[in-house]
Protein chains: 2
Amino acid sequence: MTPKKDPSGRRGRGRPQSFDRKEALCAAMRLFWDRGYEGTSFDDLISVMKISASSFYNAFGSKEALYHEVIETYMSVAGGWFLDILGEDADTRTVFEDLTRAAAVEFTRPNQPAGCMISVAATQCSPNQHRLRDLLASQRTQAEGAMAARLQQGLEVGDLPIDTDIEALAAFYGSLLRGMAVQARDGASQERLMEIARFGMNAWPKA
Amino acid sequence: MTPKKDPSGRRGRGRPQSFDRKEALCAAMRLFWDRGYEGTSFDDLISVMKISASSFYNAFGSKEALYHEVIETYMSVAGGWFLDILGEDADTRTVFEDLTRAAAVEFTRPNQPAGCMISVAATQCSPNQHRLRDLLASQRTQAEGAMAARLQQGLEVGDLPIDTDIEALAAFYGSLLRGMAVQARDGASQERLMEIARFGMNAWPKA
DNA sequence: CTTTTTTTGGTGTCATCGCTCCATAAATCC
DNA sequence: GGATTTATGGAGCGATGACACCAAAAAAAG
């Protein structure tokens, strides 16, 4: 699958790959991001990745395997801001304000598809794609879990009223972010998303 | 297409349809609702509708025409609660509280697919389905417009601070409802959605 | 150079998708 | 009953989807 590299860094033998794997992966990510899994055809993929069918299977295994890899890439690159902000050393309210505002920015970046690749993916799909649907749903659950963990931490240091329902509050901000992702895909501007984010912060629990 | 009925109610001539058109439409709606447009295959459709391919084309024209009809059906039947509540004669805040709470109930009804058929549809799709994507996006925009109209009305009677940004507030509740729809599809319970709705109402503008 | 290993381009395959055609069945109208 | 009109069942079609195969090409290893 992956080109085998000597621990010393020297290439192994055999014909070298004629394309940059990361670049191809990134091109595939943008396509999947824009069109979803089922909406992206094999031919479109190898076209934007600029490789042939055989190179595709040689390098990535299958369409589904590529999609998995793309999700990992998305989480670590395009979605990295999410966990970064949750890890910020700041007041809990500030963290969530940054989070929602960052979403407004990230969801409307030019030169990349609008919205979040994970939030809106595979919510409706055919039964033979249920594995993927479950994978995406679990990614969303994980993201919400990360928010819940940060809120819990905030509760423990007194940033939140002690009777705050952490899970529910995380679900609220999860919902808001997913809704913002849909709005972004429908063409909402960054300013509009910012206003939504601001209203979202009005819901922050008061002591 | 549609079976021609005499104004007097008597059937015209020709062999009568052997199936109930509304029932078939409803079955198609549930399938589209669950799987989306591209995720629903022709064979699956005629299977749950219990009709043959020829009857299908005779009665509905094409898969896309059926989808359009299904959307209309959804808006008037399954989504009727939405406009009903917006039309309620009540305090504006109460209307939106009812709206978000009703969403929690409607999105988790047993015996029907979870979430909203419109909110999560065609957010990611192939380029040859852009007509449908635009249609769905415009339905979402219309729904938000209806909320904005109700808010404007509320502003005029003093239910809202005069400096309230109506469009933005409508966008906020639009986002929240769409996010709740995704949550519902991922399996969130009615109680969980209720909690989200409650937090959503905490964002209601204060004088 | 020869051998070995790996990638590449091109062509082919098999299933599925949405759709069409046609002969037949079942009703009404005269 | 015969003519007309509409619906049905079933077979099949062209396009596209994802993928497989294979001979040729390009590199390292001996």
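Every chain is numbered from 1 and lettered A, B, ... according to where its sequence line falls, protein lines coming before strand lines.
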Let me know the distance between CG of Asn58(A) and C1' of dA26(D), rounded to the nearest Å.
-> 14 Å
Whole-Å distance separating the OH atom of Tyr57(B) from the P atom of dG10(D) = 18 Å
Round to the nearest Å and state the distance from Gln17(B) atom CD to dT6(D) atom P.
-> 12 Å
Side-chain donor/acceptor contact of Ser54(A) with base of dG10(C) under 3.5 Å = yes
Specify the closest pair of heavy atoms between Ser119(A) and Val182(B), including all atoms of both residues, with the distance to one decimal.
-> O-CG1, 3.8 Å
Do the numbers put Lys63(A) on top of the ring of Tyr37(A), so that NZ or CZ is under 6.0 Å from the six-membered ring centre and no more than 45° off the axis?
-> yes
Glu38(B) CD to dT16(C) C1', in whole Å, measures 15 Å
In whole angstrom, give the distance that lies between atom CD1 of Ile51(A) and atom P of dA18(D).
-> 14 Å
Interatomic distance where CG belongs to Asn128(A) and P belongs to dC19(D) [whole Å] = 12 Å
Does a salt bridge link Glu97(A) with Arg93(A), judged by any charged N lying under 4.0 Å from a carboxylate O?
-> yes
Should Ser55(B) be listed as having a side-chain N or O under 4.0 Å from OP1 or OP2 of dT8(D)?
-> yes
Find out whether the Lys NZ or Arg CZ of Lys50(A) is both under 6.0 angstrom from the six-membered ring centre of Phe19(A) and within 45° of the ring's axis.
-> no
Ignoring the backbone of Arg15(A), work out which of dA25(D), dG18(C), dG9(D) is nearest its side chain.
-> dA25(D)
Among the nucleotides dT8(C), dT8(D), dA26(D), which one has an atom lying closest to any side-chain atom of Phe19(A)?
-> dT8(C)
Between dT8(D), dC19(C), dC19(D), which nucleotide has the shortest distance from any of its atoms to the side chain of Phe42(B)?
-> dC19(C)
Kindly point out which of dA20(D), dC19(C), dT8(D) is positioned nearest to the side chain of Ser62(B)?
-> dC19(C)
Identify whether any heavy atom of Thr40(B) sits under 4.0 Å from a base atom; if not, whether one sits that close to sugar-phosphate; answer base, sugar-phosphate or nothing.
-> sugar-phosphate
So does Arg131(B) pair up with Glu64(B), basic N to acidic O under 4.0 Å?
-> yes
Would you indicate what Ser41(B) reaches in the nucleic acid, counting non-hydrogen atoms under 4.0 angstrom: base, sugar-phosphate, or nothing?
-> sugar-phosphate
Spacing of Lys50(A) atom NZ relative to dT8(C) atom C1', expressed in whole Å | 18 Å
Length of the CD-P vector between Gln129(A) and dC17(C), whole Å | 11 Å
